[in-house]
Amino acid sequence: MRGPLGPVIGKYPSSSDSNGEMGSGNNDIIKHNRKCRDLVFLVIFIAFWIAMIVNSSFAFNQGNPLRLNYGLDYKGNVCGDRHGDRDLRELELRYWSNPNQVYETGVKNSKFQLSNARSICLMDCPIPSEDSLNWVCDYPEGDIRISLDDWIDRNYDYFADLTPELRNTSLQLQGPCYPVIFPSVNVYWTCQFIARASNVSLTHWEQMGGVKVIEDIAIDKSIHKSVNSRSSVLKRYVADVGKAWPVLLVCGGLLPLFLSIIWLLMIRHFVAGMPWVTVIVFNVLMVSVTMFYYLKAGWIGNDAISPIIGEHDPYYRVSAREVNHLHAAAFFMTVLMIVAFLSSIAIVRRILMATSVLKASYVAAKVIGEVQALIIFPVIPYAVLAIFYMFWLSAALHLFSSGSVLQNDCGANCCAYNLKEKRLSCNSCCGYSIHYTSHIAAAILFHLFGCYWATQFFMACSSTVVAGSVASYYWARGATSPEIPFLPVFASMKRLARYSLGSVALGSLIVSSVESVRFILEALRRKLKHVNSMPGSWIGKVMYHTSQGCLRLIGCIIKSVNHNAYIMIAITGKGFVKSSEIATELIMSNILRIGKVNVIGDVILFLGKLCVSLTSALFAFLMLDTHKYKSSHNKITSPLFPVLVCWGFGYIVATLFFGVVEMSIDTIILSFCQDSDEHQGTAQYAPPLLIETLNDENEMQRLMQ
């Protein structure tokens, strides 16, 4: 058992102090002698930041976000890129010139890959002529002395200017010109063939003596399979986040900032009604966001997303994983909406019974009113996190698109005319691909872990500063001067920066590590399930799911312990481990007092955070539904990822601001428990309303019914 913490926290006033004022020795209650704690972990955190900068520098040097959406041409250039072999900024669509090569990639057991088929970047997808034969020719170079702009104006066709020799190689599907026989549509910046050859174009081709062009459904399926692959979908999702940066700025940054400040002001002046307002608004927002998922999934209305960009035949439809993911999201939101409604009924019943929540909230509101800088303080960690996220997202876009563009070693028996070398080349007809190495995967995982650790660190710093400010108020008996330091928030920030950054780094590292281990195990589970290597016996399955449940439980316990440890760090100045021990023992010895306030109070605060984040998601849907994000260049393939990111950012911002109330309540309660522990069960510093709340035996019995 630990001993009294009087020497740690400071001296207390004697009971003979009839004026109720603090004795001269009480200046040391918070500002007692401290020293730096957990310095090793502060050094580790600094080293981590250096590694993050190095990792991001690699990403900025090697990455090109255009690769996430646009394909490569036959020279290895990225479509839409102005910095390649030639300026392709207007040529964003990837088109496969040789239809027979595309067909070959779709044949069962064929070793020829679509990435090796000859492709070129165009401004729009070619369509067959109604009375003649259209051509798509390679980029003009060598003896073809026309500019790229003239080539575009001529609809990519200079077949009429070719010599008889080059016309003959073109009729053999060896270039430099290729016939447009199949219609195509723009599916996610890729021209997907429609396996219905134009009779007019095919007749002209045969009359000119062209080789046989194979007409088969495989020509459609091959491109569709490539466009719809898991890696392609993931890249498009990441690219969507980059394109939607104005939406992230407004709905993930500014809007939750405004809503969170409004909520803090309302809790300051309208404590009694906030639980009711929160529950009602939460349910309305759940229904609204779910309806938007229904709209985009096509379950109601006519506003479903389409993988086809631009005008097209309304009777031609293309399936896409993005649509299936929205269906799954809509179903998941439906389940959450039902659970939310049923949970709200139970919460309302508890609100009617739990007057202790309101009393504790009144005390917290009084603290916020007295220490008014608490309302403004979260803007500081908010600004730091905003700068960090802008840097992190930019680096993530480059990291996900990094890799080396190399020519494939396909060993294919194919030939293509090289205008620059003026000869038919059969040795270098293979296409280009982006090659990823294992260190890129490791860099991505490190980048994701870095984001989570940094987020936890800054939020922990915010919580510790708030706890230190509120503790100053409590241990000074609510006096505004002189025992509370001038601007207590900044005094608490100074103590954190000077003594406790290492402890905060340790706490945030523990949470991040546990969550990362759980994420890795879940990824391994999915991979093993995919290859049918999961434990076959019921014992193996039980052990696996039990281990997953234990990890989740450990994660929740660690988060709770960390939350209270930060409070004791702010009060006592001890290291993370010692503070966790003190906080845990205080909680266990006062579990009934703390539980009756925290259970309902934490639920209401959690619903408040969800209200802010759901509002961010709702406005993100509205912004993404404008013409800007439906046009060709800025088209968002699916609102799913941008909305989820706005939802996550909104929740983080709300956590920063709602943490003021949450940490105020928890700090006051833990300080009350410590106060009672030090004074034989009778708190000497607590406000009368708090004493009445936490010592009300009748209400405690009613809440436990």
Please confirm whether [X] and [Y] have ring centers closer than 6.0 angstrom.
X    : Y    : value
Y156 : W151 : yes
F332 : Y293 : no
F193 : Y95  : yes

Tell me whether the rings of F292 and F621 are parallel (<30°), tilted (30 to 60°) or perpendicular (>60°).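 Parallel, since the angle between the ring planes stays under 30°.
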
Measure across P179 and L173 and return the closest heavy-atom pair with its distance rounded to 0.1 Å.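 Between these two residues, the closest heavy atoms are CD-CD2, 3.5 Å.
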
Heavy atoms only: give me the nearest V612-G650 pair and the separation to one decimal.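 It is CG1-O, 3.9 Å.
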
Less than 4.0 angstrom from a charged side-chain N to a carboxylate O is my criterion; do D73 and K75 meet it?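 Salt bridge flag = no for K75 with D73.
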
Would you indicate whether [X], at its atom [atom1], is surrounded by more than 12 heavy atoms from other residues, nucleotides or ligands within a distance under 6.0 Å?
X    : atom1 : answer
I444 : CD1   : yes
Y436 : OH    : yes
F58  : CZ    : yes
H627 : NE2   : no
N199 : CG    : no

Under the salt bridge (Lys or Arg N to Asp or Glu O under 4.0 Å) rule, what pairs show up with a residue in residues 154-178, not counting sequence neighbours?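 Passing the test, one end in residues 154-178: R154-D161.
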
Please, which pairs that meet salt bridge (Lys or Arg N to Asp or Glu O under 4.0 Å) have at least one residue in residues 295-306, sequence neighbours excluded?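 Output for this query lists K296-D303, K296-D625, D303-K630.
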
Taking side chain to side chain contact (heavy atoms under 4.5 Å, CB included) as the test, write out the residues that go with [X], two or more places apart.
X    : value
T203 : Q207
N155 : none
S613 : L610, W647, Y651
Q172 : N168, Q174, V211

In chain order, what residues pass the ring pair (Phe, Tyr, Trp, His ring centres under 6.0 Å) check against H435, with sequence neighbours excluded?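 Not a single residue meets the ring pair (Phe, Tyr, Trp, His ring centres under 6.0 Å) criterion with H435.
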
With sequence neighbours excluded, residues passing ring pair (Phe, Tyr, Trp, His ring centres under 6.0 Å) with F619: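 Testing F619 for ring pair (Phe, Tyr, Trp, His ring centres under 6.0 Å), a comparison that skips the adjacent residues, returns none.
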
Disulfide bond (SG atoms under 2.5 Å apart) with [X]: which residues, sequence neighbours excluded?
X    : result
C79  : C121
C451 : none
C177 : C137

Run through Y432, W96, Y139 and flag the one making a ring pair (Phe, Tyr, Trp, His ring centres under 6.0 Å) with Y74.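 Testing Y74 for a ring pair (Phe, Tyr, Trp, His ring centres under 6.0 Å) against Y432, W96, Y139 leaves exactly one candidate, Y139.
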
Chi angles and distances behind the side-chain hydrogen bond (donor to acceptor under 3.5 Å, both in side chains) call for Y389, T455: CA-CA 9 Å; Y389 283 140; T455 301; 2.6 Å; yes

Please collect all side-chain hydrogen bond (donor to acceptor under 3.5 Å, both in side chains) contacts where either partner lies in residues 324-337, sequence neighbours excluded, each pair once.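 Output for this query lists Y237-H325, Y294-T334.
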
Mind checking the CG-CZ spacing from N69 to R236? Nearest 0.5 Å is all I need.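 One gets 8.0 Å once the value is rounded to the nearest 0.5 Å.
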
